[in-house]
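The next block holds one structure in the form of structure tokens; read it before the comments.
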Amino acid sequence: MPELPEVETVVRGLSRHIVGQKIKHVEILSAKSFLWNPKLTKSKKVGGKTAYPIPQEILRRTIKKISRRGKGIIIDLDKGYSILIHLKMTGQLIYIPKDKKPGRTTGGKRLNYGHPDKNFSQAMPSKHTRVWFELSKGNLYFNDQRRFGWVKLTPTQDVFKDKFFAKLGLEPFDKKFTPPFLWSAIQRHPKANIKAIILDQSLITGIGNIYSDEALFYARLKPTRLGRSITKPEVTKLYAAIKKVLEKGIKYSGTSINTHRTPEGSMGKMQNYLAVYEREGQPCRSCKGIITKIRVAGRGTHYCPMCQH
DNA sequence: TGCCCCCTGCAG
DNA sequence: CTGCAGGGGGCA
């Protein structure tokens with residue numbers, strides 16, 4: 001689910017709800033979702049599920065700050081530890097206050113968990129809950145259908161030594177991200193598709209498959225254009241388009257085509273404003289063209305053949 | 001720089 | 001049943 005706008009939505013929501021709370025207990029329901037000590041695989045049954053041992057360093061720590069780097073989430077605790085989380089394709093972080101009744105072990109409130117039937121509700125923890133944090137005033141659930149995502153615990157000073165965080169490029173909202181920066185990044189990849197270039201997290205962080213297609217649409221660039229063919233005026237347009245689509249995504253709390261939810265469990269709204277993504281066969285919003293789907297950089301890619309060149 | 005893989009569920 | 005899905009790591 002998550003690209004920069006979705007992760008930013010989750011980080012902002014969690015910041016409102018869980019900063020200042022203490023971690024009272026943690027259940028790891030899927031060993032591979034909490035990358036910690038793989039030797040500790042001795043499990044026990046909790047409510048019919050298998051649970052794994054937890055690192056003691058995480059217990060009784062207070063949550064100080066939640067931030068985002070690229071598509072990764074950093075939760076800083078007191079006493080020098082941080083929790084790192086990546087949602088990958090289907091991860092969710094859902095927070096349910098304890099006073100939301102009926103309380104008790106599940107944390108109570110039932111949520112529509114991406115189910116097409118609006119009346120369907122899913123109790124937390126759900127069958128996709130992989131890590132369950134009991135906090136002082138509520139419960140935080142890391143749900144991840146496909147188990148591609150991960151949670152890690154690391155000393156705060158080592159966060160950016162982490163294999164994932166260490167190789168991230170520039171944030172699109174960093175002052176250093178400028179048209180000249182984008183131009184030079186593109187020059188270094190003359191033979192790559194422009195889509196592959198803007199998807200490369202070691203150059204710019206946070207753009208994924210949805211927002212790359214959207215940005216290329218607003219820049220009027222065909223996704224298969226090679227880096228060396230891109231002109232300076234085109235770079236300027238692409239730069240503006242990238243910032244525009246990411247800002248719009250954040251404004252609408254992300255795209256909920258499938259599993260993306262805010263920490264409160266509600267859907268984002270950006271899917272209603274997409275220009276090309278998931279709009280194959282539909283008319284272009286700015287010309288008479290029909291949105292076409294092809295394969296670029298191994299990903300389904302949507303564009304308007306009439307206005308993107 | 002591309003391809004396969006991790007995993008599960010859903011549409012066609 | 002096959003193919004495909006908001007990501008990214010490891011391998012030619």
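Lettering follows sequence order; numbering is per chain, from 1.
- Note on A/Gly208: only backbone sugar-phosphate atoms sit closer than 4.0 angstrom, heavy atoms only; bases stay farther off.
- Between the CG atom of A/Leu29 and the C1' atom of B/dC7 there is a distance of 17 Å, rounded to whole Å.
- Residue A/Phe164 places its side chain closer to C/dG8 than to any other of B/dT1, C/dG8, C/dA5.
- In this structure, the aromatic ring of A/Phe148 is positioned over the six-membered ring of the base of B/dC6, centres within 5.5 Å and planes within 30°.
- Residue-level contact check: A/Gly300 touches the backbone only, with heavy atoms under 4.0 Å from sugar-phosphate atoms and none from bases.
- Between C/dA5 and A/Lys293, a contact under 4.0 Å exists linking OP1 or OP2 to a side-chain N or O.
- Taking only side-chain nitrogens and oxygens, A/Lys167 comes nearer than 4.0 Å to OP1 or OP2 of C/dG9.
- Between A/Lys163 and C/dG10 there is a side-chain polar atom (N or O) within less than 4.0 angstrom of OP1 or OP2.
- Ion pair A/Glu8/A/Arg12 flagged as a salt bridge, since at least one NZ, NE, NH1 or NH2 atom sits closer than 4.0 Å to an Asp/Glu carboxylate oxygen.
- Within 4.0 Å (heavy atoms only), A/Tyr211 reaches no atom of the nucleic acid at all.
- The base of B/dC7 sits within donor-acceptor range of the side chain of A/Arg146, with an N or O pair under 3.5 Å.
- As rounded to whole Å, 10 Å separates atom C1' of C/dG8 from atom CH2 of A/Trp150.
- Rounded to whole angstrom, the span from the CD atom of A/Glu3 across to the P atom of C/dG8 amounts to 9 Å.
- No side-chain donor-acceptor contact under 3.5 Å links A/Gln271 to the backbone of A/Thr255.
- Rounded to whole Å, the separation between the P atoms of B/dC7 and C/dG10 comes to 15 Å.
- Within the structure, a side-chain polar atom (N or O) of A/His128 is placed less than 4.0 Å from OP1 or OP2 of B/dG9.
- Atom pair A/Asn193:CG and B/dG2:C1' shows a separation of 10 Å (rounding to whole Å applied).
- Between the CD1 atom of A/Ile257 and the P atom of C/dC4 there is a distance of 17 Å, given to the nearest Å.
- A/Gln145 places its CD atom 5 Å from the C1' atom of B/dG9, with the value rounded to the nearest Å.
- Side-chain contact of A/Thr301 with A/Lys195: a donor-acceptor pair under 3.5 Å is present, judged by distance alone.
- Here the straight-line distance linking atom NZ of A/Lys237 with atom OH of A/Tyr218 works out to 13.0 Å at 0.5 Å rounding.
- The backbone N or O of A/Gly70 lies less than 3.5 Å from a partner atom in the side chain of A/Arg68, making a donor-acceptor pair.
- Shown here, B/dC7 forms no base pair; nothing in the strands shown gives a Watson-Crick or G-U wobble contact with both key distances under 3.5 Å.
- Atom pair A/Ile186:CD1 and B/dT1:P shows a separation of 13 Å (rounding to whole Å applied).
- Here the P atom of nucleotide B/dC7 and the NZ atom of A/Lys32 are 5 Å apart, to the nearest Å.
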